[in-house]
Number of protein chains: 2
Amino acid sequence: MESMPKISESEWEIMKIVWKENPLTAEQIVQYLPADTDWSDQTVRTFINRLMKKKALGYQKSGRSYQYYPLISEKECVRAESKSFLNRVFNGAAGLMMTNFLEETQLSDKEIERLQQILMEKQSQDSKDSPQS
Amino acid sequence: MESMPKISESEWEIMKIVWKENPLTAEQIVQYLPADTDWSDQTVRTFINRLMKKKALGYQKSGRSYQYYPLISEKECVRAESKSFLNRVFNGAAGLMMTNFLEETQLSDKEIERLQQILMEKQSQDSKDSPQS
DNA sequence: AAGACACAATTACAGTTGTAATAGTTTGAT
DNA sequence: ATCAAACTATTACAACTGTAATTGTGTCTT
């Protein structure tokens, strides 16, 4: 996993598609792009190529064209990007970040319960992990 | 607030300092940079200048040098950056993002309680706002 | 008034990104 | 075998970034 290549904003769009389903041809990737994305085919292919240069995508020949698949895991990328965001914006203070998000975000009851659930689990977990000061 | 200028990673470092305390001279900004930042003075001044071009910083003369102060609010910038991050990485799904963060992050008991607190408040708040389906 | 010092302003330069256009190559059809 | 279609690969180009060096200017010192 060798120190995650930097994935740009546009490249993320490609990766998200290929993570969800793969392998995919360039044409399929174009089709799966959000409807409001109006990149030309060439633009998409440029992004794909850059991702290959960055070793984020691999390919296999399939008839006349290539099929692309991810070489880096979504989890790793999400983790790296999250860390970068956290440091840039909140100086790494995860607690602050979360209170901030909670306060600013509209959540459904279901989501709130889910979060509470996780917090409770975390509470017992943590008190096992690191006996309270 | 006119559609927030894009603040780059390095520029964020400058802005965070100036948001915390201002107005500050370039020299002071250099001093307040995290110890592990080894930018030359010139580099810092370049960032300051770019931020002025972007209308993110303003200045006032003070004797021989300038004192800089923010022209855009931290809250707005944090909000914009958070939104961008959320869309890029989680397709805008705030709930997913938060569960993910909660699961990946080590939190102190105090922080956990604080978050639970907020969630409970949010719960009653929301049930007033949008009567549950 | 001249020179030095301390800032600010301008210029530099390579790498990344967004956005393609154009050139090259393989393959299926005739 | 040749042409066209369909892909891939190469090239383009400006804006933004990271990282400064160099130049210009106002002020303090002597």
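Below, chains carry the letters A, B, ... as their sequence lines are ordered, and counting in each starts from 1.
Of all heavy-atom pairs between B/Leu71 and B/Gly58, the closest is CG-N, 3.4 Å.
Side chains of B/Val89 and B/Met97 form no contact here, defined as non-hydrogen atoms less than 4.5 Å apart.
Of the residues B/Arg50, B/Lys54, B/Lys53, the one that meets the salt bridge (charged side-chain N to carboxylate O under 4.0 Å, His left out) test with B/Glu11 is B/Lys54.
Regarding B/Tyr66, its OH atom lies at a distance of 7 Å from the P atom of C/dA8, rounded to whole Å. Residue A/Arg64 contributes atom CZ, which lies 10 Å from atom P of D/dA6 at whole-angstrom precision. As a whole-Å value, the separation of B/Leu24 CG from C/dA8 P is 13 Å.
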Residues B/Gln31, B/Glu27; criterion side chain to side chain donor-acceptor pair (under 3.5 Å); working and verdict: CA-CA 6 Å; B/Gln31 276 170 2; B/Glu27 198 183 0; 4.5 Å; no
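By the 6.0 Å contact criterion, CZ on A/Phe85 is enclosed, its count of non-hydrogen atoms from other residues, nucleotides or ligands being greater than 12.
The shortest distance between the side-chain N/O atoms of A/Tyr68 and the OP1/OP2 oxygens of D/dT8 is below 4.0 Å. At D/dA15, none of the side-chain N or O atoms of B/Lys54 fall inside 4.0 Å of OP1 or OP2 (strictly under the cut-off).
For the residue pair B/Thr46/B/Thr43, the side-chain donor-acceptor check at 3.5 Å is not satisfied.
Using five terminal pairs a side, the axes of the helix from C/dA1-D/dT30 to C/dT30-D/dA1 at its two ends make an angle of 30°, given in steps of 10 degrees.
Considering only the side chain of B/Ser8, D/dG18 comes nearest among D/dC7, C/dA8, D/dG18.
Of the residues in residues 34-52 of chain A, those placing a heavy atom less than 4.0 Å from an atom of DNA chain D are A/Gln42, A/Arg45, A/Asn49, A/Arg50, in numerical order.
Counting non-hydrogen atoms under 4.0 angstrom, A/Lys61 reaches nothing in the nucleic acid.
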